[in-house]
Asks: 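Dropping the structure in here first, questions after.
All values below come from the heavy atoms of this structure, side chains included, with hydrogens, waters and symmetry mates left out.
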Amino acid sequence: MKREYNLGIGLLRIWMCFEVVLNHFKTWPGWPGVIDETSIKGISYILYFYGNIAVPFFMLSAFSFCNILELAQDNNKMKKRINRLMIPHVFWTIIYFIIYILLEKKKGIKLLHGVGDFFWQLVGGHSYNSVAWFQIDLIFLTILFWKNAFVIFS
């Protein structure tokens, strides 16, 4: 089966990737603290404004474009999706924790809460690899939709 590629969505993804990078590294007027939106002019204002929707766009696109209705009706497919999301999350949580343990022994870098960091990273995706919250949110949204899809769409 040949999949069609949506050029508009592809370009939007490129733009939103740029917005995420910009939000992480650009210093807006008034930062840190309250950003003075009135002093942001022209193209900078457009970039600032759309930077606020970059992460929600990725969350919705990652969740929406997977044909979740079809998945919710097939338990085997839904279990495969959960596994595809959980296995990398658990793997990288373990790898990061091992690296931090090694750094703690070799370089004296301390984990904030010790083994508790491992637990919070695994459950919340935010302790020492803070970008993993995205994966956790996808897992929770998938489970939530899976369990409620029949109620919502029947």
Side-chain angles (χ1 to χ4, degrees), residues 1-26 28 31-32 35 37 45-107 109-154:
M1 180 170 115
K2 183 181 175 187
R3 292 183 136 181
E4 292 184 28
Y5 183 74
N6 187 323
L7 184 61
I9 298 290
L11 292 172
L12 190 56
R13 283 182 179 164
I14 292 168
W15 181 14
M16 291 298 118
C17 285
F18 176 72
E19 292 288 353
V20 168
V21 172
L22 187 68
N23 276 348
H24 281 93
F25 296 103
K26 172 78 171 125
W28 300 104
W31 181 259
I35 295 174
E37 293 181 11
Y45 183 76
I46 294 169
L47 294 173
Y48 171 75
F49 179 79
Y50 283 103
N52 294 323
I53 65 164
V55 172
F57 165 77
F58 282 116
M59 184 58 69
L60 289 172
S61 67
F63 187 68
S64 299
F65 296 136
C66 71
N67 197 1
I68 197 73
L69 288 175
E70 182 183 319
L71 287 175
Q73 295 172 357
D74 187 347
N75 281 341
N76 288 331
K77 286 183 180 180
M78 192 58 93
K79 287 175 185 175
K80 286 180 185 177
R81 176 174 167 81
I82 296 292
N83 284 338
R84 279 193 315 269
L85 293 170
M86 284 294 294
I87 290 170
H89 176 68
V90 171
F91 174 79
W92 286 110
T93 297
I94 292 168
I95 294 298
Y96 269 88
F97 190 70
I98 290 170
I99 289 170
Y100 270 94
I101 294 296
L102 293 174
L103 286 173
E104 189 174 38
K105 290 181 180 178
K106 299 278 184 189
K107 303 282 185 186
I109 296 172
K110 298 281 184 195
L111 286 167
L112 191 59
H113 304 291
V115 178
D117 286 337
F118 178 79
F119 171 78
W120 288 115
Q121 182 66 37
L122 193 61
V123 173
H126 66 78
S127 187
Y128 45 79
N129 180 14
S130 60
V131 297
W133 67 267
F134 187 88
Q135 191 83 352
I136 288 293
D137 283 359
L138 279 178
I139 292 165
F140 287 144
L141 282 172
T142 302
I143 291 169
L144 180 69
F145 197 91
W146 183 15
K147 297 301 178 187
N148 292 307
F150 297 110
V151 175
I152 295 169
F153 294 103
S154 55

Asks: Where do Val115 and Phe97 come nearest, in terms of heavy atoms and distance?
Replies: CA-CZ, 4.1 Å
Asks: About how many Å separate CG of Leu138 and CE of Met59, when rounded to the nearest 0.5 Å?
Replies: 5.0 Å
Asks: What is the distance from atom CE of Met78 to atom CD1 of Ile143, rounded to the nearest 0.5 Å?
Replies: 9.5 Å
Asks: Identify the heavy atoms of Gly125 and His89 that sit nearest to each other, and give their distance.
Replies: CA-CE1, 4.2 Å
Asks: Do Arg81 and Thr142 meet the criterion of a side-chain donor-acceptor pair at a distance under 3.5 Å?
Replies: yes
Asks: If I take atom OG1 from residue Thr93 and atom CZ from residue Phe119, how far apart are they, to the nearest 0.5 angstrom?
Replies: 12.0 Å
Asks: Mind listing the closest non-hydrogen atom pair of Leu12 and Phe57 along with its distance?
Replies: CD2-CE1, 3.3 Å
Asks: Can you find a pair of side-chain heavy atoms, one from Ile94 and one from Phe118, that are under 4.5 Å apart?
Replies: yes
Asks: To the nearest 0.5 Å, what is the distance between CZ on Phe91 and CD1 on Ile87?
Replies: 11.5 Å
Asks: Is the number of heavy atoms from other residues, nucleotides or ligands under 6.0 Å of Lys80 NZ greater than 12?
Replies: no
Asks: Which heavy atom of Ile136 sits nearest a heavy atom of Leu122, and at what distance?
Replies: CD1-O, 3.4 Å
Asks: Can you give me the closest heavy-atom contact between Ala54 and Met16, atom names plus distance?
Replies: CA-SD, 3.5 Å
Asks: To the nearest 0.5 Å, what is the distance between CG on Leu144 and CG on Asp137?
Replies: 11.5 Å
Asks: Flag yes if more than 12 heavy atoms outside Tyr96 fall under 6.0 Å of its OH atom; otherwise flag no.
Replies: no
Asks: What is the minimum heavy-atom distance between Trp133 and Val55, and which atoms define it?
Replies: CH2-CG1, 3.3 Å
Asks: Measuring from Asn23:CG to Tyr50:OH, what's the distance to the nearest 0.5 Å?
Replies: 14.0 Å
